[in-house]
4 protein chains.
Amino acid sequence: MGQITLSQANAIIAGAFAKGAEARLNPLSVVVTDAGGHLIAFQRQDGASFGRAQIATGKAAGALAIGASSRRLGVMAEERPWFLGAFTASAPHPVIPAAGGVIVVDASGAFLGAVGVTGDTSDNDEAAALAGIAAAGLKAQG
Amino acid sequence: MGQITLSQANAIIAGAFAKGAEARLNPLSVVVTDAGGHLIAFQRQDGASFGRAQIATGKAAGALAIGASSRRLGVMAEERPWFLGAFTASAPHPVIPAAGGVIVVDASGAFLGAVGVTGDTSDNDEAAALAGIAAAGLKAQG
Amino acid sequence: MGQITLSQANAIIAGAFAKGAEARLNPLSVVVTDAGGHLIAFQRQDGASFGRAQIATGKAAGALAIGASSRRLGVMAEERPWFLGAFTASAPHPVIPAAGGVIVVDASGAFLGAVGVTGDTSDNDEAAALAGIAAAGLKAQG
Amino acid sequence: MGQITLSQANAIIAGAFAKGAEARLNPLSVVVTDAGGHLIAFQRQDGASFGRAQIATGKAAGALAIGASSRRLGVMAEERPWFLGAFTASAPHPVIPAAGGVIVVDASGAFLGAVGVTGDTSDNDEAAALAGIAAAGLKAQG
């Protein structure tokens with residue numbers, strides 16, 4: 001297994017939305033990218049603002065570019081804002097340093113792609129991303 | 001009614017994919033944007049190459065930016081390539097001048113958003129876009 | 001097998017350079033990217049001009065973004081220069097529409113990455129890319 | 001002697017990787033650029049994330065652009081983040097203000113190019129860069 005299929009991507013988004021409904025979160029936007037940070041699927045719930053595709057993609061693709069979750073990028077941003085700013089400027093995709101971007105791995109730990117969620121608090125966005133990955137029967141980076 | 005809902009956007013994508021399956025088209029990628037050219041939903045079928053989100057968005061958002069279908073943008077590109085090049089360079093979104101980007105309007109003709117399809121010939125991409133809009137019970141710009 | 005290893009990438013570059021030496025080509029520059037168009041390895045032979053990394057990457061990543069060789073991108077550019085210009089402006093990587101960018105596939109035809117060569121005529125660049133892929137025991141897109 | 005040859009660049013990368021293996025560092029990515037900050041050679045070890053070419057290049061080219069190591073750029077970033085941000089936005093290459101980018105000089109101190117390493121801590125990245133330069137029989141900026 002080398003990549004996330006569209007069917008799996010849709011299952012991830014449905015799972016993230018189910019988590020949002022259950023936890024009564026704000027309208028969410030969820031992206032699933034391949035291992036190169038390129039979009040497989042995206043959905044923005046009614047009422048979410050228009051820049052959500054860029055934020056969700058920046059969490060997912062930013063995580064893949066550096067090899068860690070976007071939560072870790074957020075910590076790096078607090079510790080070394082200049083590094084984060086420079087990395088953002090150099091990256092081929094948006095980079096958003098806040099929790100909600102989670103890498104999807106195979107059994108060996110190889111990157112299959114990533115999920116990015118935005119719309120509620122970063123902690124809740126991340127919980128929705130993890131719920132979506134689990135709902136699709138896939139594995140998040142540990 | 002002022003905008004395409006996520007439910008309608010998903011119906012558009014499902015309708016476009018159904019058209020693709022029926023006509024045995026290559027793997028398609030379909031985007032639905034709001035009236036500002038911003039993503040509501042996107043799906044890339046398995047086997048489609050990674051640049052498809054940009055191409056689909058460029059058809060849909062390019063159409064909205066100029067107020068005509070991306071087929072019309074293609075005609076403009078043939079007639080006045082310098083204009084198209086300058087417009088592309090100035091636009092806030094990608095602009096792809098080839099059939100497959102269709103504006104969705106309400107009963108009064110006001111723009112609700114747009115659909116962009118890529119993956120097969122431009123003519124077939126446009127047919128899938130129109131089929132998706134019809135399947136969702138919406139109306140394409142005449 | 002889901003991606004090209006660094007060892008394979010170095011073998012591809014060595015094979016392309018061997019072809020260049022055998023055919024007495026101009027100094028070559030060769031890039032190998034992963035399936036997302038991101039660099040695994042690059043080498044520029046002495047005497048080659050400084051913009052070669054961008055050209056080689058544009059052949060390889062451009063091919064992957066559209067799903068066909070950069071030779072095919074060159075044909076598209078002749079037939080529809082406005083489409084190529086617009087695609088270039090929208091793509092997340094450089095796009096160079098000239099032969100020399102070849103997609104590497106696995107046994108099922110899935111994309112593993114791509115090779116981009118620049119420095120001699122486009123035909124010779126492509127021959128070197130194909131020689132490199134063969135030397136590494138890998139398979140070029142048919 | 002006015003520039004780093006490809007043979008020397010490959011020796012630098014091999015030396016940096018040898019240091020990484022000896023010190024059991026994370027997978028490294030190493031770039032060697034000419035005096036203009038343009039790529040001569042790059043290699044990304046298996047397991048490194050996809051954004052590493054930009055980070056390594058940003059350390060090497062950023063160092064050359066300002067005339068000091070990327071460690072010094074990191075200090076500048078702490079002292080005057082606004083200056084670093086503005087410099088980053090204006091530079092023709094990425095600029096990454098963290099140790100690991102080291103300028104290579106000739107006997108007179110003239111710049112021959114630079115090495116950029118990323119993958120482990122910044123201090124370890126810099127140690128690998130210095131090891132690579134020494135392994136190739138070249139001299140780092142004092």
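In the text below, chain A, chain B and the rest are named by the order of the sequence lines, each starting its count at 1.
- Exactly one of A:N10, A:V32, A:I40, A:L39 qualifies for a side-chain contact (heavy atoms from CB on, under 4.5 Å) with B:Q43. That residue is A:N10.
- Nearest heavy atom pair, residue A:L6 against residue B:D46, reads N-OD1, 2.8 Å.
- B:R44 and A:H38 get closest at one heavy-atom pair: NH2-O, 3.3 Å.
- More than 12 heavy-atom neighbours from other residues, nucleotides or ligands sit within 6.0 angstrom of CZ on B:F111.
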